[in-house]
Amino acid sequence: MSKDSLLSLLEAESGEYVSGEEISRKLNVSRTAVWKQVRKLEADGYLIEAVPRLGYRLTGKPSRLSVYELLPKLNTKRFGRDIRLLDVVPSTQDELRRLAEDGASEGTLVIAEQQTSGRGRMGRSWISPAGKGIWMSLLLRPPIPLPLTPQLTLLAAVALSRAISRVVPVTIGIKWPNDLLVNGKKISGILLESAAEDERLRYVVVGMGISANLDPEDYPEELLLKAVSLKMASGNSVNRTDLIASILEEFELLYELYLEQGFGPVRALWEAHAVTLNKQALLQTPQGPVQGVPRGLDDMGGLQVELEDGSYRTVYSAEVGEPR
Ligand code: BTN
């Protein structure tokens, strides 16, 4: 028996109880097997009431995103005005890259309910279970020189943290360059992938993963030490539609400000939200470990680290960790 046949049976009863006995007879399986499939459906976000002697009853279905619900909530000019909402994809990054190559316009957004090969920074994978998070990629075509691309990484972190704290009552700290933390645990990650030609930036795909409504059982155990969802941190389920609308609005506002006034305002906002400044840290860079105290950002978006001898070194790529 698959969970789908159990689901069809429960759905056919439209909210009425079906006894475990009846289910096991109709589907020709043991009652233990029925119970196991009930648990699986619950893990997928279905709400099933189990009452002794009465049986099982379907009381709720997992929430699904809908473009029709999202569009009226959007306060943007270009961001999210072309939305592709998909069910299951390997990665929204690849879907959007394909659209970008076909000439999609700035602000095009790809959202997926589930990713099967979601990827993170530094070659890591990104868990993206169905219906529980926000897995999306936004297309930018910024008229900026290629070496300034890292500034957009920091801009994205500021936009996301402002947007999230508008919708969910949590305090967000940014860990350099763009991990968003709540109480020291990661709730969101951002991955920028860019396409360039002859030293010219053609487009940037901003991948955003927000762990909105994940439950502890959605995480591999070792990840629970350093990751948390907004639902787990705040105690309430998050309305993903409101959150997406808020992200697109904050992102567009900050991006416009950046194109008009340059990196200054973004840099000040980033530094105000940062949790990695002014305390000893160990940075794993591609060139080896660097120990010191991160003091702020340079004009390009690099992290300026004060070393033990008082000199400064700027780091452009690293994993920031606890000092030895
Ligand atoms: C990180 O913290 O390492 C970055 C994680 C980025 C995850 C998002 S989810 C949507 C988009 N598609 C992907 O495959 N990755 C990004």
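In each ligand, atom 1 is the first atom listed, and ligand 1 is the first ligand listed. Since we're looking at a predicted model, the values are computed, not measured.
Between Glu16 and Arg57, no side-chain nitrogen of the basic residue sits less than 4.0 Å from a carboxylate oxygen of the acidic one, so the salt-bridge criterion is not met.
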Requested in this report: Starting from the C-alpha separation in whole Å, work towards a yes-or-no answer on side-chain contact (heavy atoms from CB on, under 4.5 Å) for Leu99 and Leu139.
Outcome: CA-CA 9 Å; Leu99 296 174; Leu139 181 62; over 6 Å; no
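Other residues, nucleotides and ligands contribute at most 12 non-hydrogen atoms within 6.0 Å of the CG atom of Asn183.
In this structure, the side chain of Thr59 engages the main chain of Leu47 through a donor-acceptor pair within 3.5 Å. Remark: side-chain polar atoms of Arg81 are paired, donor with acceptor, to backbone N or O of Thr76 under 3.5 angstrom. Between the side chain of Glu252 and the main chain of Phe79, a donor-acceptor pair closer than 3.5 Å is present.
Looking from atom 5 (C) of ligand 1 to the surrounding protein, the closest heavy atom is Trp126 CE3, 3.5 Å. In this structure, atom 11 (C) of ligand 1 lies nearest to the protein heavy atom Thr92 OG1, 3.3 Å. The nearest protein atom to atom 9 (S) of ligand 1, hydrogens excluded, is given as Gln115 NE2, 3.4 Å; this is a heavy-atom distance.
The contact set between ligand 1 and Gly120, taken as ligand atoms under 4.0 Å from a residue heavy atom, comprises 1 (C), 3 (O), 4 (C), 5 (C). Every atom of ligand 1 with a heavy atom of Gly118 under 4.0 Å away is listed here by number and element: 14 (O). Listed by number with element, the atoms of ligand 1 under 4.0 Å from a non-hydrogen atom of Ser91 are 12 (N), 13 (C), 14 (O). Heavy-atom contacts of Ile190 reach the following atoms of ligand 1: 2 (O), 4 (C) (cutoff under 4.0 Å).
The part of Met208 lying near ligand 1 is the backbone, judged by heavy-atom distances below 4.0 Å. If you look at Met136 next to ligand 1, the close heavy atoms, those under 4.0 Å, all belong to the backbone. For Asp179, every heavy-atom contact with ligand 1 shorter than 4.0 Å involves the side chain, none the backbone.
In this structure, Lys186 counts as a contact residue of ligand 1, since one of its heavy atoms falls inside 4.0 Å of the ligand.
Considering backbone and side-chain atoms alike, Trp135 places every N or O at 3.5 Å or more from each N or O of ligand 1.
Under the 4.5 Å side-chain criterion, counting only non-hydrogen atoms from C-beta, Trp135 is not in contact with Glu113.
If you check each of Arg121, Glu95, Arg119 against atom 1 (C) of ligand 1, the one with the closest non-hydrogen atom is Arg121.
Defined by atom type and a distance below 3.5 Å, a donor-acceptor pair is present between the side-chain atoms of Ser311 and Asp309. Side-chain N/O atoms of Glu106 and Tyr203 include no donor and acceptor closer than 3.5 Å.
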